[in-house]
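Below you'll find the structure I mean.
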Number of protein chains: 2
Amino acid sequence: MTNKVDRDKKALEYFKGLLQQKKMRLTKQREVIVRLFLEKEGHLCAEELYLALRKQYPRLGEATVYRTVKLLKAAELASEVNFTGKRRRFEHAFGHPHHDHLICLGCGKTEEFVNQSIEKIQERVVRQYGFAPTRHRLEIFGYCRDCRTTE
Amino acid sequence: MTNKVDRDKKALEYFKGLLQQKKMRLTKQREVIVRLFLEKEGHLCAEELYLALRKQYPRLGEATVYRTVKLLKAAELASEVNFTGKRRRFEHAFGHPHHDHLICLGCGKTEEFVNQSIEKIQERVVRQYGFAPTRHRLEIFGYCRDCRTTE
DNA sequence: ATTGATAATGAGAGTCATTATCAATAAGCA
DNA sequence: TGCTTATTGATAATGACTCTCATTATCAAT
Ligand SMILES: [Mn+2]
Ligand SMILES: [Mn+2]
Ligand SMILES: [Zn+2]
Ligand SMILES: [Zn+2]
């Protein structure tokens, strides 16, 4: 049962390893962006990371955050979600297995779920179509317990 | 077994009815845009409709197409999809029941499927979370029969 | 430690898809 | 056939990135 702290540490080490392997450099900027991304939970966008970091690092550029977040995705430390059609958001992927989402249209809250039966049936579906899947997303929009009208 | 022609005719009538009901006007532009949308199959975007129509109607404005397509969605004649994160696309909704998608990352082709077991299990999932769903999307990305490498 | 090659950064310009603005036009009812 | 006003088309504006490029910083080799 690895806890968050351990996982984040491993994730960072993994990221550093990848950079070396690809002859990319571990810059101060990349480090602080990755650290903040790992520390925070939920679905973050580049701008949020940028705004949170600019206080302590006023010289940090927004483009660098966009670049780093893209890098994180390529490194599979982050996976992208986009529920609203507006901003791209990123969630932890390192040590976080696949899951699907319930998205509340009232308060914006999201819940994660996994259902093995659904996953299994999907395998059958793709087989029927001769389709070789690489990833999928199942997103259910509606109203959470707190937001649904109780009538 | 209503055929496409009948369904499209009904869809157009329904649209006209809605306009009247909302004291909106049935303009020449709206009519040709809706007609083309209904006539074409697949996932269309505003630009494609615009480009196809500008030949015959060179004075048509692109903004009008964007506006009309939004109207079509509000009228539930169209439903929106966005597989790539780029352009918004619209597919027929009138007389076309819910379905999910297989999207080929090789050739861009999409296939539609419905699986009642998956739909049923989703109902169980949302019940568990006290969630009141309004809609969902299940999109499976990968490679179709023609595009998958046969190794 | 110092150097040097070059990867990365920051500021701002550019892009793309879409939306807003607004004067001119045209539905549709009287 | 007017009259009211919803709608249009041209264009400006916007949001969310992405690119450009001169400057800076990393890091392997000395
Ligand atoms: Mn999630
Ligand atoms: Mn479809
Ligand atoms: Zn809610
Ligand atoms: Zn294909």
Side-chain angles (χ1 to χ4, degrees), chain A residues 12 15-37 43-75 78 80-90, chain B residues 12 15-37 43-75 78-90 108:
Chain A
L12 187 56
F15 182 60
K16 289 181 178 177
L18 274 185
L19 287 180
Q20 250 173 344
Q21 188 182 312
K22 297 229 170 83
K23 300 195 198 318
M24 297 174 82
R25 294 172 185 178
L26 176 64
T27 62
K28 186 81 172 129
Q29 290 87 330
R30 281 178 179 163
E31 180 141 19
V32 299
I33 294 165
V34 178
R35 292 199 113 96
L36 182 61
F37 171 71
H43 304 95
L44 287 289
C45 62
E47 195 196 30
E48 285 169 350
L49 290 166
Y50 170 65
L51 292 175
L53 286 167
R54 78 178 332 201
K55 297 162 196 164
Q56 198 180 345
Y57 309 94
R59 309 217 35 208
L60 178 68
E62 193 164 10
T64 299
V65 182
Y66 274 97
R67 285 188 281 240
T68 303
V69 125
K70 183 180 283 188
L71 195 57
L72 251 29
K73 186 187 172 189
E80 188 181 329
V81 297
N82 192 340
F83 303 141
T84 60
K86 302 273 176 190
R87 260 168 201 295
R88 293 175 187 183
R89 294 181 168 277
F90 299 87
Chain B
L12 187 58
F15 182 62
K16 289 181 178 176
L18 274 184
L19 288 180
Q20 252 174 341
Q21 188 181 312
K22 296 228 170 83
K23 300 194 197 321
M24 297 174 83
R25 294 171 185 178
L26 176 63
T27 62
K28 185 82 173 128
Q29 291 88 327
R30 282 177 179 164
E31 179 141 17
V32 299
I33 294 165
V34 177
R35 292 198 113 97
L36 182 62
F37 171 71
H43 304 96
L44 287 289
C45 62
E47 194 195 32
E48 284 169 350
L49 291 167
Y50 170 66
L51 292 176
L53 287 168
R54 78 178 333 202
K55 298 160 195 163
Q56 198 179 345
Y57 308 94
R59 308 218 35 210
L60 178 68
E62 194 165 9
T64 299
V65 182
Y66 274 96
R67 287 189 280 242
T68 303
V69 125
K70 184 180 283 189
L71 196 56
L72 252 27
K73 187 187 171 187
S79 62
E80 188 181 330
V81 296
N82 191 339
F83 303 140
T84 61
K86 302 275 176 189
R87 256 166 205 296
R88 293 177 187 183
R89 295 181 168 277
F90 299 86

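The model shown is predicted, which means the values in this text are computed figures rather than measured ones. So you know, we letter chains A, B, ... as the sequences are listed, proteins then strands, and number each from 1. All values below were derived from every heavy atom in this structure, side-chain atoms included, with hydrogens, water molecules and symmetry-related copies excluded.
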Handout entry: B:R87 side-chain N/O to C:dC16 phosphate OP1/OP2 under 4.0 Å
Key =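 Answer no for this pair, as no side-chain N or O of B:R87 is under 4.0 Å from OP1 or OP2.
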
Handout entry: B:N82 or B:K28, whichever maps to the more 5' nucleotide of DNA chain C
Key =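 Result of the comparison: B:N82.
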
Practice task
Using a 4.0 Å heavy-atom cut-off across all strands, classify B:K22 as base, sugar-phosphate, or nothing.
Solution key: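 Result for B:K22 = nothing.
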
Exercise for the section: Starting at atom OH of B:Y50, determine the distance to atom P of D:dT8, rounded to an integer number of angstrom. Expected result: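 Answer to the nearest Å: 14 Å.
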
Practice task
May I ask you to say what A:R88 touches in the nucleic acid, namely base, sugar-phosphate or nothing, with a heavy-atom cut-off under 4.0 Å?
Solution key: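 Result for A:R88 = sugar-phosphate.
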
Practice task
Ignoring backbone atoms, establish whether B:Q29 has a side-chain N or O less than 4.0 Å from OP1 or OP2 of D:dG9.
Solution key: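 Result: yes.
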
Exercise for the section: Find the distance A:K23:NZ to C:dT6:C1' and express it as a whole number of Å. Expected result: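 Whole-Å distance recorded here is 13 Å.
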
Problem - D:dA6 OP1/OP2 closer than 4.0 Å to side-chain N/O of B:T27 - result: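 The answer is no; no side-chain N or O of B:T27 sits under 4.0 Å from OP1 or OP2.
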
Problem - B:P58 vs B:R30, nearer the 5' end of DNA chain D by closest nucleotide - result: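 Here B:R30 is the residue nearer the 5' end.
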
Exercise for the section: Would you classify A:R25 as touching base, sugar-phosphate or nothing, given that sugar-phosphate means primed atoms plus P, OP1 and OP2, and contacts are heavy atoms under 4.0 Å? Expected result: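 If one applies the 4.0 Å heavy-atom cut-off, A:R25 turns out to touch a base.
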
Practice task
Return yes if some donor-acceptor pair links the side-chain N/O of B:R30 with the main-chain N/O of B:T68 below 3.5 Å, else return no.
Solution key: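 Not a single qualifying donor-acceptor pair exists.
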
Exercise for the section: Using a cut-off of strictly less than 4.0 Å, decide whether A:T64 has a side-chain nitrogen or oxygen near OP1 or OP2 of C:dG10. Expected result: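 Yes, within the criterion.
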
Problem - Atom pair CG (B:N82) and CZ (B:F90), whose distance is rounded to the nearest 0.5 Å - result: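 If we round to the nearest 0.5 Å, B:N82:CG and B:F90:CZ are 9.0 Å apart.
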
Handout entry: Phosphate contact (C:dT18 OP1 or OP2) by B:Y66 side-chain N/O below 4.0 Å
Key =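 Yes, because at least one side-chain N or O of B:Y66 sits under 4.0 Å from OP1 or OP2 of C:dT18.
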
Practice task
Report yes if a side-chain nitrogen or oxygen of A:K70 is closer than 4.0 Å to either non-bridging phosphate oxygen (OP1 or OP2) of D:dT18; otherwise report no.
Solution key: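 Yes, within the criterion.
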
Practice task
May I ask you to decide if A:C45's main-chain N or O and A:E48's side chain share a donor-acceptor pair within less than 3.5 Å?
Solution key: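 At least one qualifying donor-acceptor pair exists.
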
Handout entry: Side-chain heavy atoms of A:E47 within contact of A:E62, under 4.5 Å
Key =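 Yes. Closest side-chain heavy atoms under 4.5 Å.
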
